[in-house]
There are 2 protein chains.
Amino acid sequence: MIESAIFKALADPTRCAIFEKLAAGGMNASALRQGMAISQPAMSQHLSVLRNARLVREERQGRFVHYEVDPEGLTLIGGWLAKYRAYWPARIDDLQALLKDMDP
Amino acid sequence: MIESAIFKALADPTRCAIFEKLAAGGMNASALRQGMAISQPAMSQHLSVLRNARLVREERQGRFVHYEVDPEGLTLIGGWLAKYRAYWPARIDDLQALLKDMDP
DNA sequence: TCGTTACATAAGCGAACACTTATGTGATTC
DNA sequence: GAATCACATAAGTGTTCGCTTATGTAACGA
């Protein structure tokens, strides 16, 4: 099942934090480690999982690798969520308000 | 981290399938097992995980327990997704169209 | 009350997971 | 071309996960 793969990628708190950090701005793997008690191989493995889930994408920049949020993963989750819109609460308006609040 | 808990609940393909089945209509645990090669304790454990993640809620009906989708979990995912709306693709309109398509 | 039904919980086991240390690979600098 | 830096990969290990069988509990019917 494809959908469970992307959820599995987000099932780990460390990967959630990495993704959240990247959402605040793309950066390379070393910069990501700053302030996170995590080894270099662990970070590399987490990024690999996030990349396979299409939550993150990479771009070689010399000897650095720039990582950033891949909108594709978020779209996949959005699509999954949309399948169950019938069960969204009446508070869906609240959610839309939240969406507006999140606008830059 | 709270958000990773709900993703962990959906990280298992079997639980994904259970949730999807419940989304098509609430039913009891025995009915859920129909057509799914899964033992009774396994089903019970999966439902427990989904319930703790607020993806599913239960209601005692005699000696049956009726399970149904809990909108709360979907709202939590929606809230998580909303945090990263800045990274939603320009195709967000496509998603909204998809949302409309999903309307009953 | 006795048996059955519907479900939950306990305990144990193999597989997957997240981490570690060690090593490999590719790009820059000297 | 040698050393170094940024990162990936390999191999090993403790923990977690999802399953199993066995047992417990609550509700119903005879």
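Naming convention: chains lettered A, B, ... in sequence-line order (proteins, then strands); numbering from 1 in each chain.
- Under a 3.5 Å cut-off, the side chain of B:Y87 and the backbone N or O of A:A23 do form a donor-acceptor pair.
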Can you check nucleotides 12-15 of chain D for protein contacts, nitrogen or oxygen pairs under 3.5 Å, and list what you find?
none

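- For C:dA6, the OP1/OP2 oxygens have no side-chain nitrogen or oxygen of B:Y67 closer than 4.0 Å.
- Listed by first then second residue, pairs satisfying ring-ring contact (aromatic ring centres under 6.0 Å, His included) with a partner in residues 20-42 of chain A number zero, not counting sequence neighbours.
- Annotation: salt bridge (Lys or Arg N to Asp or Glu O under 4.0 Å) contacts of B:E59 (sequence neighbours excluded): none.
- We find that CZ of B:F7 is positioned 22 Å from P of D:dT16, with the value rounded to whole Å.
- One interatomic measurement links the two molecules: CD of A:E59 to C1' of C:dG26, which rounds to 17 Å at whole-angstrom precision.
- Screening residues 60-69 of chain A for salt bridge (charged side-chain N to carboxylate O under 4.0 Å, His left out) gives A:R57-A:E68 as the qualifying pairs, with residues at least two apart or on separate chains.
- Atom CD1 in A:I6 sits 7.5 Å away from atom CG in A:L74 (nearest 0.5 Å).
- Counting to the nearest Å, the C1' atom of D:dA8 and the CG atom of A:N52 are 13 Å from each other.
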Pairs under 3.5 angstrom only: tabulate donor-acceptor contacts from the side chains of residues 43-56 of chain B to other protein residues two or more places apart or in another chain.
from: B:H46; atom 1: ND1; to: B:R15; atom 2: NH1; distance (Å): 3.2
from: B:R51; atom 1: NE; to: B:E58; atom 2: OE1; distance (Å): 3.2
from: B:N52; atom 1: ND2; to: B:S48; atom 2: O; distance (Å): 3.3

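- Summarising the geometry, the separation between CG on A:L47 and C1' on C:dA18 is reported as 14 Å, rounded to the nearest angstrom.
- Note: CD (B:E58) to C1' (C:dA8) measures 10 Å, nearest angstrom.
- Between the CG atom of A:L50 and the P atom of C:dC17 there is a distance of 14 Å, rounded to whole Å.
- Note that the CG atom of B:D12 and the OG atom of A:S4 stand 7.5 Å from one another [nearest 0.5 Å].
- A ring-ring contact (aromatic ring centres under 6.0 Å, His included) check over residues 17-36 of chain B, counting only residues at least two apart or in different chains, returns the pairs A:W80-B:F19, A:Y84-B:F19.
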Summary of protein contacts for nucleotides 18-27 of chain D, nucleotide by nucleotide, where a base hit scores B, a sugar-phosphate-only hit scores S (4.0 Å, heavy atoms): SBBBB----B
Can you give me every donor-acceptor pair (side chain of residues 25-36 of chain A, partner residue at least two apart or in another chain, under 3.5 Å) with its distance?
from: A:N28; atom 1: OD1; to: A:S30; atom 2: N; distance (Å): 3.2
from: A:N28; atom 1: OD1; to: A:A31; atom 2: N; distance (Å): 2.9
from: A:R33; atom 1: NE; to: A:I38; atom 2: O; distance (Å): 3.0
from: A:R33; atom 1: NH2; to: A:I38; atom 2: O; distance (Å): 3.2

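- Summarising the geometry, the separation between CG on A:L10 and P on C:dC17 is reported as 15 Å, rounded to the nearest angstrom.
- Between the CG atom of B:L32 and the C1' atom of C:dA8 there is a distance of 15 Å, rounded to whole Å.
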